[in-house]
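Residues take their numbers from the sequence shown, with the count starting at 1. Computation of the quantities below employed the complete heavy-atom set of this structure, encompassing side-chain atoms and omitting hydrogens, waters and symmetry-equivalent molecules. We count ligands from 1, going down the list as the structure has it; atoms in each ligand are counted the same way. This structure is a prediction, so every number in the text was calculated from the model and none was measured.
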Amino acid sequence: MKNLGILLSGRGSNFEAIAKSVAAGRIPDARIAVVISNRATAAGIETARRLGLSAFIIPSQGKERTHHEVEVVSALQQHAVDLVCLAGYMRLLSPWFVRQFPGRILNIHPSLLPAFPGLEAQQQAFAYGVKVTGCTVHFVDEELDHGPIIVQRAVPVLDTDDERSLSERILEQEHIAYTEAINIVFEGKFEIVGRRLQRKAACLGE
Ligand code: GRF
């Protein structure tokens, strides 16, 4: 049984999609061991409690980064977390945090990286006028929205779109992409060559 740890700061729809995938057996032999928010107001924490999951608020506000990270890492370790999933977690992880879970922290970002890193990626893409955008699930390294890419899903920008309709269609794809990426990582049949995640031959054509 693999233990997932979820870090979030807000709405928590990606977390909820992961929880549904776990419940439906689409992420086999896994459970959500803990959900942690750095913000007390995060709706995702309510959802986690409603689902009967271990859910904690570890406030970051007014706290030194190192102190907060030590608290979060120890909560993850206490719950024997194998894979940390950032799901709308509005904190940049320090190199120390990243080293505690080498190759075992994932993030989802609402653009086709390396385009439009940082905040409001959907609005950035819309304003730039790209015809295709999407979402990316990647390993977390020390840099923002930067580590090796695991899954990307493309979303066309329609003439009829506004920022909101585009964001909604990206979000639908995020919910699919995160489950795909977790399964790839748990199956472990890949290697990272430079920045490239290459799936091993047996997995191709699945
Ligand atoms: C998503 O768009 C995700 O890609 C980004 O933050 C947003 C979180 O949404 N990192 P939710 O809290 O999962 O609904």
Which atoms of ligand 1 have any heavy atom of R11 under 4.0 Å away? 9 (O), 11 (P), 12 (O), 14 (O)
Options A43, G10, G88, ranked by nearest heavy atom to atom 7 (C) of ligand 1, top entry: G88
Is the shortest distance from a heavy atom of I108 to ligand 1 less than 4.0 Å? yes
Number the atoms of ligand 1 from 1 as they appear, then name those within less than 4.0 Å of a heavy atom of P110, with their elements. 2 (O), 4 (O), 5 (C)
For ligand 1, which atoms sit closer than 4.0 Å to a heavy atom of G12? 11 (P), 12 (O), 13 (O), 14 (O)
Could you check atom 11 (P) of ligand 1 against the protein and tell me its nearest heavy-atom contact, residue, atom and distance included? S13 N, 3.4 Å
Step by step, would you call L83 with L106 a side-chain contact (heavy atoms from CB on, under 4.5 Å)? CA-CA 8 Å; L83 187 66; L106 310 189; 4.0 Å; yes
Are a donor atom and an acceptor atom from the side chains of T136 and H138 found within less than 3.5 Å of each other? no
Do the charged groups of E46 and R50 touch, with an N to O distance under 4.0 Å? no
Got a sec, which residues hit side-chain hydrogen bond (donor to acceptor under 3.5 Å, both in side chains) with R104, two or more places apart in sequence or on another chain? none
Tell me, which protein residue and heavy-atom name are nearest atom 1 (C) of ligand 1, and how many Å apart are they? E174 OE1, 3.1 Å
Flag the pair E187 and R199 as a salt bridge only when some basic side-chain nitrogen lies within less than 4.0 angstrom of an acidic carboxylate oxygen. yes
Partner of I36 under side-chain contact (heavy atoms from CB on, under 4.5 Å), picked from I58, L8, I6, is I58
